[in-house]
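Shown next, in structure tokens, is the structure this report addresses.
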Amino acid sequence: MQKPINRVSAALTQDRSQVGSQSMLFAAGLSEADMNKAQVGIASTGWEGNPCNMHLNALAGVIKQSVVDAGLVGLVFHTIGVSDGIAMGTPGMRYSLPSRDLIADSIEDVMGAQHYDACIAVVGCDKNMPGAVMAMGRVDRPAIMVYGGTIRPGVCQGQPVDIVSSFEAYGQFLAGGRTLASMREVVRHACPGPGACGGMYTANTMASAIETLGMALPYNASNPAESEAKQRECTRLGPAILLLLERDLRPSQIMTRQAFDNAITVVMALGGSTNAVLHLLAMAHAVDVPLSLDDFQRIGERVPGVADLKPSGRYVMQDLHEAGGVPAVQRLLLREGLLDGNCLTVTGQTLGENIARSADLARGQKVIVSFDQPVTPSGHIRILYGNLAPEGAVAKITGKEGRHFTGPARVFDSEETAIRAIESGTVTAGDVVVIRYEGPRGGPGMREMLKVTAAIMGAGLGKAVALITDGRFSGGTHGFVVGHITPEAQCGGALALLQDGDAVRIDAEANRLDVELDTATLDARRAGWQPPPLKFRKGVLRKYAQCVSTASKGCITDA
């Protein structure tokens, strides 16, 4: 006889002493028959103020109906979202990375308090996805993540544009390459409707990684937000979560070390965001899987970049969808011996079995290039060490910007001061822009530097200026950039000791980040350094600064 699948909710619905629980559930609309069914919490990050999330509540409704049709109880609840694109370049960006952990905490809180048997999370913008999966790992009940999908490309004067085009148009305006009216035209047309930012930026990176990890249905990452395929996918969630409940297949059985290696492999092959490092480390921590910065370097050395995707390439996620989607890329990687096909997924089948049912890349497509002529011969994400980063730093090096850079430091203690210097033209070719006190603790919140890097690219300095920071970068960033420097300046890292004119050397072949100063000079400067006070005295950012780990450990807050 099959075991009941309402293993957790039965504590409320079947225990005769839980009269209060049952009265409340009847009031919420459950029937006598529903009391014997498994309950599925459907967590939506839907809200009106962001294209990444504006359509998610509607998708949650489709998913709920699918869950009900499968003979289960579906109950929608909500958690927050923060728009990186809207907050970018402002103090509000400090709240972005902390939102990941607030999302994880709130989903865990509801799942724990309400005794739901399973979870389906409907998520959009990039922090939503790792936050949801972190919660799923902690709770460890049957769970599936549903990505809301990518936005359509915008069109401006016959050319495709997206959110990064807006930022780079501003840099072009500063450099005299665009009129104000021309810049406004790009801004007006960059984002034509619902869906997450269109290139291989952080949202599409994490969706691709999590699908490969096994925590989302096949094609989930590449089905566009407004497509019929995304609607059809949502109608399959009820049977899918029912299967997981019947088999009691949990995230801890899916999110294994081999599965994380697969996820990193896809990130490298697709040219994904450096934020994947932070998020995959945190997701692995949620299921007690050992994962470190060095694993990204190890995997990156054997995986070529084969995607001609923005920000450094030509195409967007909708193009990848039309070329065959993420499963077609997985099929290619499995054939090359770069994926472990034996890992379980939320389909109840292995990754290899899922891939066997997918199609090859479309004939004549140009989004994914051949292994014989890759975009990069090895991974674009490089883990650097040196006297500026004894605990590691994360570089995004495609090779288009070169692999070595040495120049004088131009030191800024905040993103805003760096932006003003770029706007005034005082950052010049050959400089290494240093932005410090923007780490997880010192920021706090480890702001993304897309506004800075896009201004540099738009001004035509992408190959002539490097940027290093204890902050991080948007997936839309490209250029010669190094972030996640640890220890961060707030904690006494060598970044805090740099002065204008110090020679900074970046070597993406030897994987080194150094300042050309001897130990005695650095020690003397350190003796005279005092940490600045934390920027916030109360509230969520104060709490975050006090409990967040270093970037090299994923900026986790529950260690």
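Predicted model, so just to flag it, every value in this text is computed and none were measured.
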Fill in the blank from the handout: Exactly one candidate in M136, M134, R138 meets side chain to side chain contact (heavy atoms under 4.5 Å, CB included) with E108; the answer is R138
Handout entry: Sidechain-backbone polar pair: Q318 side chain, P153 backbone, donor-acceptor under 3.5 Å
Key = no
Exercise for the section: Indicate whether the side chain of T212 and that of N262 have a donor and an acceptor atom separated by less than 3.5 Å. Expected result: no
Exercise for the section: May I ask you to decide whether R257 forms a salt bridge with D261, counting only side-chain N to carboxylate O separations under 4.0 Å? Expected result: yes
Exercise for the section: Evaluate the criterion side-chain contact (heavy atoms from CB on, under 4.5 Å) for residue pair V411 and R436; output intermediate values, then yes/no. Expected result: CA-CA 8 Å; V411 182; R436 63 189 179 190; 3.3 Å; yes
Practice task
Heavy atoms only: give me the nearest G272-I381 pair and the separation to one decimal.
Solution key: O-CD1, 3.9 Å
Exercise for the section: Take E423 and Y170, measure what side-chain hydrogen bond (donor to acceptor under 3.5 Å, both in side chains) needs, and give me the verdict at the end. Expected result: CA-CA 10 Å; E423 289 174 337; Y170 176 63; 2.4 Å; yes
Handout entry: D502/R525 salt bridge by N-O under 4.0 Å criterion
Key = yes
Handout entry: Any H279 side-chain heavy atom under 4.5 Å of V133 side chain
Key = no
Exercise for the section: Taking all non-hydrogen atoms of both residues into account, name the closest pair between C343 and A259 and its distance. Expected result: SG-N, 3.7 Å
Handout entry: H321 side chain near N223 side chain, heavy-atom distance below 4.5 Å
Key = yes
Handout entry: N275 side chain to Y201 side chain, donor-acceptor N/O pair below 3.5 angstrom
Key = no
Practice task
Give the minimum heavy-atom separation between P51 and G193, together with the two atoms involved.
Solution key: CB-O, 3.5 Å
Practice task
Answer yes or no: is there a side-chain heavy-atom contact under 4.5 Å between W47 and H78?
Solution key: no
Handout entry: Residue pair S99 / V82: nearest heavy atoms and the distance that separates them
Key = CB-CG2, 3.7 Å
Problem - Side-chain donor/acceptor of K396 to backbone N/O of R382, under 3.5 Å - result: no
Problem - With L513, the side chain to side chain contact (heavy atoms under 4.5 Å, CB included) member among L495, N387, I485 - result: I485
Problem - With D84, the salt bridge (Lys or Arg N to Asp or Glu O under 4.0 Å) member among R100, K127, R94 - result: K127
Exercise for the section: Flag the pair R152 and E226 as a salt bridge only when some basic side-chain nitrogen lies within less than 4.0 angstrom of an acidic carboxylate oxygen. Expected result: yes
Handout entry: Check: H484 main-chain N/O paired with R472 side-chain donor or acceptor under 3.5 Å
Key = no
Practice task
Would you tell me whether S165 and D162 have side-chain atoms, one donor and one acceptor, within less than 3.5 Å of each other?
Solution key: yes
Handout entry: Test side-chain contact (heavy atoms from CB on, under 4.5 Å) applied to H380 and I397, step by step
Key = CA-CA 5 Å; H380 62 294; I397 307 294; 5.9 Å; no
Practice task
Consider only side-chain N and O atoms of S273 and T205, and report whether a donor and an acceptor are under 3.5 Å apart.
Solution key: no
Exercise for the section: Using modelled atom types only, decide if a donor and an acceptor are shared between the side chain of N220 and the backbone of V146 within a distance under 3.5 Å. Expected result: no
Practice task
Could you tell me whether a side-chain N or O of Q490 sits under 3.5 Å from a main-chain N or O of P532, the two making a donor and an acceptor?
Solution key: yes
Problem - Pair R447 + D470, salt bridge at N-O below 4.0 Å - result: no
Exercise for the section: Determine whether L280 and I264 make a side-chain contact, defined as any pair of heavy atoms from C-beta on separated by less than 4.5 Å. Expected result: yes
